[in-house]
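Just so you know, residue 1 is the first one in the sequence shown, and it goes up from there. Note that this is a predicted model, so its numbers are computed, not measured.
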Amino acid sequence: MLKTTKILLPLAILFILIGCTSSTKKENNSEPALNKLTKAEKEQGWILLFDGKTFDGWRGLGREAVPDAHWVIEDDAIRKVESGEVPVQADGQPLEGGDLMTIEAFRDFELKFEWKISPGGNSGIKYNVSEELSTRGGPSHAALGFEYQLLDDANHPDNQNITHLTASLYDMIPAINAPIKPIGEFNTGRIVFNGNHGEHWINGVKVVDYDLGTARFDTLFQHSKYVRNPDFPEKRAGHIVLQDHSDEIWFRNIKIRKFEN
């Protein structure tokens, strides 16, 4: 009996240790809270742009409010409603939409966000956006600004132009071999815009790097669709914009920190 007890006691201790290890591992692998700032992020000066519940801090570009037939909040994310699903008015025409814009403008910053897109989808997140420039010449609800492209690279026909692939500086600098997760999964995007320097990151990998005012950037601008807008490449305190490009897309964990230059 004594011999059996001596054997069982170490085994019991081993099982307890295994249980504690498993519990610790599970706790350490827990998902971070959605649409929240960590203590470290707060200390680093990060600002939450989306609280997961409301559109506080946002409105439609060229509008006083959010076009809520096109933009909704579901499952802790901002969802762009697919245009074919938008409710219609009494005359049978769909309710008007348009881009979603931060009320505050940002000049030098680092922006982080998570996104996932629908199969065959096309959208983008824009920055350095002047609302006045975007709406000049008549009512417009589409932003004119630098664009971090978001696309189903495999299935959308815009994939024929390499400067239109996901994470590219749209129509200017391609993001080649960007590590994109499968459709239906959230990706992490990051934009750095500080002084004359810009970067695009996706899932922890830098895929675009540029400097304003250089011969390279000026040449890229001259060969882009933006060449008709000479004010386009000017650095400004601009709005962050989520694009209404008809297709369904989701955004969450949108946060920003300002650089003091």
Side-chain angles (χ1 to χ4, degrees), residues 32-38 40-52 54-59 61 66 71 73 76-80 99-117 123-131 134 143-151 165-170 172-173 175 178-181 186-212 232-245 249-261:
L34 291 175
N35 307 306
K36 303 287 185 183
L37 295 177
T38 65
E41 287 174 329
K42 291 176 182 178
E43 292 172 349
Q44 293 164 3
W46 287 92
I47 302 166
L48 198 62
L49 293 182
F50 172 56
D51 62 12
T54 72
F55 282 114
D56 290 351
W58 297 82
R59 63 176 172 83
L61 188 142
V66 172
W71 296 95
I73 297 172
D76 300 306
I78 296 174
R79 177 171 74 93
K80 167 64 186 76
D99 292 350
L100 193 63
M101 179 186 86
T102 58
I103 294 172
E104 186 175 352
F106 305 92
R107 183 175 181 85
D108 296 288
F109 60 86
E110 179 180 3
L111 176 74
K112 294 193 295 188
F113 56 98
E114 292 183 7
W115 63 276
K116 68 175 181 178
I117 199 163
S123 189
I125 187 163
K126 298 185 180 183
Y127 57 102
N128 200 43
V129 173
S130 163
E131 186 175 27
S134 300
L144 179 64
F146 298 172
E147 181 178 349
Y148 181 115
Q149 169 75 327
L150 303 172
L151 193 77
L165 297 175
T166 290
S168 296
L169 178 61
Y170 183 79
M172 297 184 71
I173 303 175
I180 307 168
K181 294 183 179 180
F186 275 97
N187 296 269
T188 300
R190 178 170 166 241
I191 298 169
V192 176
F193 197 49
N194 193 16
N196 288 327
H197 185 68
E199 298 174 5
H200 288 186
W201 295 67
I202 182 167
N203 297 322
V205 177
K206 183 167 69 172
V207 291
V208 166
D209 193 303
Y210 64 90
D211 291 284
L212 304 177
F232 174 83
E234 179 183 339
K235 178 69 182 281
R236 59 180 61 86
H239 303 278
I240 307 299
V241 172
L242 310 182
Q243 186 182 34
D244 179 349
H245 203 286
I249 189 168
W250 294 259
F251 297 93
R252 69 184 188 188
N253 285 335
I254 311 169
K255 55 193 73 173
I256 196 167
R257 65 172 172 172
K258 304 174 188 178
F259 295 124
E260 300 298 335
N261 293 327

Problem set entry | NZ (Lys235) with more than 12 external heavy atoms under 6.0 Å | yes
Exercise. Are the side chain of Asp99 and the backbone of Val241 linked by a donor-acceptor contact shorter than 3.5 Å?
Worked result: no
Exercise. Where does the angle between the aromatic ring planes of Phe193 and Tyr210 fall among parallel (under 30°), tilted (30 to 60°) and perpendicular (over 60°)?
Worked result: tilted
Problem set entry | Residues in side chain to side chain contact (heavy atoms under 4.5 Å, CB included) contact with Val66, at least two apart in sequence or another chain | Phe55, Trp71, Leu100
Exercise. Minimum heavy-atom separation for Trp250 to Ile117, with atom names?
Worked result: CZ3-C, 4.2 Å
For this session: Give, for atom CG of Leu151 and atom OH of Tyr170, the distance between the pair rounded to the nearest 0.5 Å.
Result: 9.0 Å
For this session: Take Leu165 and Gln149 through the test side-chain contact (heavy atoms from CB on, under 4.5 Å) and record every step on the way to the result.
Result: CA-CA 7 Å; Leu165 297 175; Gln149 169 75 327; 6.0 Å; no
Exercise. If you round to the nearest 0.5 Å, how far is CZ of Arg190 from NZ of Lys112?
Worked result: 8.0 Å
For this session: Give, for atom CD1 of Ile202 and atom CG of Leu150, the distance between the pair rounded to the nearest 0.5 Å.
Result: 8.0 Å
Exercise. Considering residues at least two apart in sequence or located in another chain, which fulfil the side chain to side chain contact (heavy atoms under 4.5 Å, CB included) criterion with Lys206?
Worked result: Glu199, Trp201, Asp209
Seminar exercise, completed: In Leu34, Ile254, Asn253, Leu242, the residue satisfying side chain to side chain contact (heavy atoms under 4.5 Å, CB included) with Phe50 is Ile254
Exercise. Are any of the side-chain heavy atoms of Ile256 and Ile47 separated by less than 4.5 Å?
Worked result: yes
Exercise. Which atoms form the tightest heavy-atom contact between Gly195 and Asp108, and what is the distance?
Worked result: N-OD1, 2.6 Å
Exercise. How many angstroms lie between CD in Gln243 and OH in Tyr148, if you round to the nearest 0.5 Å?
Worked result: 14.0 Å
For this session: Taking the side chain as every heavy atom from C-beta outward, state whether Pro233 and Leu212 have any atom pair closer than 4.5 Å.
Result: no
Problem set entry | Single hit among Thr188, Thr166, Ile125 for side chain to side chain contact (heavy atoms under 4.5 Å, CB included) with Trp115 | Thr166
For this session: To the nearest 0.5 angstrom, please state how far the CD1 atom of Ile240 sits from the CG atom of Leu49.
Result: 7.5 Å
Problem set entry | Ring-ring centroid check His200 Tyr127, cutoff 6.0 Å | yes
For this session: Return the minimal non-hydrogen interatomic distance between Ala237 and Ala105, and the atom names on each side.
Result: O-CB, 3.6 Å
Exercise. With distance as the sole test, does Asn35 use its side chain to make a donor-acceptor pair with the main-chain N or O of Asp76 at under 3.5 Å?
Worked result: yes
For this session: Given side-chain contact (heavy atoms from CB on, under 4.5 Å), test Phe232 with Asn128 step by step and report yes or no.
Result: CA-CA 9 Å; Phe232 174 83; Asn128 200 43; over 6 Å; no
Seminar exercise, completed: For Leu37, the side chain to side chain contact (heavy atoms under 4.5 Å, CB included) test, sequence neighbours excluded, returns Glu41, Lys42, Trp46, Leu48, Lys255
Exercise. In terms of side-chain heavy atoms, does Asn187 have a donor or acceptor partner in Asn203 at a distance below 3.5 Å?
Worked result: yes
Problem set entry | Residue pair Val129 / Ser134: nearest heavy atoms and the distance that separates them | CG1-OG, 3.8 Å
Problem set entry | Lys258 side, atom NZ; Glu110 side, atom CD - distance, nearest 0.5 Å | 14.5 Å
